[in-house]
Amino acid sequence: MRGCVPGIAVRRSEPHLPALMNSNDSRLPEALSPPVLVTSGGALRRVGIEFEFLGPSARGAAGAIARDLGGSIEAEDPNAFRIRNTRLGDLAVETDLRYLHPERHPGLGIRLGAGAARWLGAALSPVVPRELITGPMPIARLPEVDEIVGVLRGAGARGHGTVLWDSLSLHFNIDPPSLDAATLTAFLKAFLLTGDRIRQEVSQGKWWLAHVLPQDYPPAYRQLVLDPDYWPDLKTLADDYLAANPTRRRALDLLPLLAHLDEERVRAVLSHEKIGPRPVFHYRLALSHVSDPRWSILPDWERWLIVERLASDHERLGAAGRMAAG
């Protein structure tokens with residue numbers, strides 16, 4: 001068994017994870033509810049949503065949201081806007097390119113003035129997506145995110161999963177039940193065991209959708225993690241992940257979580273990568289299809305719950321791991 005003593009600095013004390021238990025919210029259908037709704041610290045688990053689209057500018061999208069959902073708009077820069085106090089909490093819309101937000105990323109070497117950033121954002125708008133970002137919300141409120149999708153579609157937002165050579169992504173930022181090594185490893189194992197099935201469902205058998213999905217984990221790393229005896233401490237988990245996956249392009253991106261636990265360790269490997277430290281699973285396998293009036297974020301949330309349920313069932317997780325290990 002690899003690792004027994006935690007060896008990675010944690011920014012805040014995390015209580016020990018109690019035995020996983022069934023927990024449900026009466027407002028949330030069982031099909032949309034994870035096995036555990038409360039963190040080890042006693043707080044309701046939350047989830048934040050990000051999805052990309054083409055069409056209206058960041059300013060235009062923010063204006064449409066404020067008109068339909070209430071709230072006030074604050075400009076962070078010519079290509080990034082916050083909408084405060086909407087019916088669905090604080091939201092943000094921004095053009096998804098670091099060079100258009102020079103004040104946030106001073107280390108990029110290119111410093112655009114406000115006028116140049118505004119012009120370049122407009123020039124690139126046909127090929128560089130805008131991104132809608134929610135704050136962390138109770139899982140029971142997830143169905144309401146489809147209301148934001150409808151507002152943006154009504155304002156001209158569009159997208160069918162891809163833009164030229166890249167994806168139009170839907171991301172979930174999910175509170176783990178706990179930040180201890182056993183919980184994080186269980187979720188990683190569960191994702192490796194279910195990811196191929198989810199990837200096939202997301203791509204719908206279409207090669208152009210499969211082509212833009214985040215890269216799979218290296219085979220040697222999958223083999224390492226799925227070994228039934230692989231239950232590392234946090235330091236070893238982080239070191240193994242960073243050695244095999246020095247990229248954000250993973251369907252279950254652990255870099256934000258690992259950076260929250262020990263940013264210095266992550267930055268030593270990825271000094272210039274765009275990583276926002278936060279204690280969440282950054283699940284980024286899903287695609288955004290804003291043009292489709294039937295599209296909802298909920299089927300992709302249900303796919304994530306396949307991972308949650310396997311991770312929570314230690315007996316089934318162990319059996320699946322032993323089968324995968326041959």
Side-chain angles (χ1 to χ4, degrees), residues 25 27-29 31-32 44-97 100-101 104 114 117-118 121-163 167-175 276 280 283-284 286-302 304:
D25 187 316
R27 297 173 297 171
L28 192 64
L32 300 179
L44 277 176
R45 291 177 66 196
R46 301 176 301 170
V47 57
I49 305 297
E50 308 166 24
F51 65 85
E52 295 177 329
F53 59 91
L54 299 171
S57 66
R59 180 186 295 274
I65 291 170
R67 284 192 301 271
D68 284 29
L69 302 181
S72 58
I73 300 174
E74 298 177 6
E76 292 193 343
D77 63 44
N79 299 294
F81 299 84
R82 293 193 176 273
I83 311 99
R84 304 283 188 186
N85 301 314
T86 78
R87 295 202 307 272
L88 301 180
D90 291 348
L91 307 173
V93 184
E94 60 185 52
T95 304
D96 192 22
L97 184 65
L100 298 179
H101 313 285
R104 289 194 215 163
R118 184 180 298 108
L124 295 176
S125 64
V127 293
V128 176
R130 267 63 70 203
E131 185 173 41
L132 185 285
I133 306 164
T134 78
M137 64 178 65
I139 292 171
R141 299 202 69 181
L142 275 177
E144 299 176 59
V145 175
D146 285 342
E147 185 177 351
I148 307 174
V149 176
V151 169
L152 292 174
R153 187 185 299 117
R158 54 188 171 80
H160 282 294
T162 64
V163 54
S167 63
L168 288 170
S169 298
L170 165 64
H171 297 176
F172 294 85
N173 295 298
I174 308 148
D175 286 349
V280 298
Y283 171 61
R284 54 194 309 273
L287 297 174
S288 171
H289 296 269
V290 175
S291 289
D292 185 350
R294 301 165 298 176
W295 183 68
S296 165
I297 71 162
L298 297 181
D300 284 297
W301 173 250
E302 291 184 67
W304 167 255

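Hydrogens, waters and symmetry mates play no part in the numbers below; they use all other heavy atoms, side chains included.
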Check your understanding: Out of curiosity, E147 CD to L152 CG, how far, rounded to the nearest 0.5 Å?
Key -> 11.0 Å
Review point. Closest approach of I148 and F51, non-hydrogen atoms and distance?
Key: CG2-CZ, 4.3 Å
Point to revise | Chi angles and distances behind the side chain to side chain contact (heavy atoms under 4.5 Å, CB included) call for W301, I139 | key: CA-CA 10 Å; W301 173 250; I139 292 171; 3.8 Å; yes
Revision key, fill the gap. Output for pair (L54 CG, H160 NE2), nearest 0.5 Å, gives 10.5 Å
Check your understanding: Do R130 side-chain atoms and P56 backbone N/O form a donor-acceptor pair below 3.5 Å?
Key -> yes
Check your understanding: Are any of the side-chain heavy atoms of M137 and V145 separated by less than 4.5 Å?
Key -> yes
**Study point:** Heavy-atom check, side chain of L298 versus side chain of P143, under 4.5 Å
**Key:** yes
Revision key, fill the gap. Exactly one candidate in V163, V290, D96 meets side chain to side chain contact (heavy atoms under 4.5 Å, CB included) with L168; the answer is V163
Practice item. Quickly, which of H171, R82, E50 forms a side chain to side chain contact (heavy atoms under 4.5 Å, CB included) with I133? Name it, please. Key: E50
**Study point:** Side chain to side chain, L32 and E302, heavy atoms closer than 4.5 Å
**Key:** yes
Point to revise | Flag, side chain of S291 to backbone of G159, donor-acceptor distance under 3.5 Å | key: yes
Point to revise | Taking every non-hydrogen atom, the tightest pair across G70 and I83 | key: O-CG2, 3.9 Å
Point to revise | Interatomic distance, E144 atom CD to I297 atom CD1 [nearest 0.5 angstrom] | key: 10.5 Å
Practice item. Report yes if the side chains of V280 and I174 come closer than 4.5 Å at any heavy-atom pair, otherwise no. Key: no
Point to revise | Donor-acceptor pair, side chain of R87 and main chain of N85, under 3.5 angstrom | key: no
Study note, to complete from the structure: Rounded to the nearest 0.5 Å, the OG1 atom of T134 sits from the CZ atom of R141 at a distance of 10.0 Å
Review point. What distance separates H289 NE2 from T162 OG1, expressed to the nearest 0.5 Å?
Key: 8.5 Å
Check your understanding: So how far is it from L91 CG to F81 CZ, rounded to the nearest 0.5 Å?
Key -> 14.5 Å
Check your understanding: Closest approach of I49 and F172, non-hydrogen atoms and distance?
Key -> CD1-CD2, 3.3 Å
Study note, to complete from the structure: Closest non-hydrogen contact found for S288 with S169 is CB-O, 3.6 Å
Study note, to complete from the structure: Between W295 and L287 the two heavy atoms that sit nearest each other are CZ2-O, 3.6 Å
Revision key, fill the gap. Smallest heavy-atom separation, P293 atom then R153 atom, equals CA-CZ, 3.7 Å
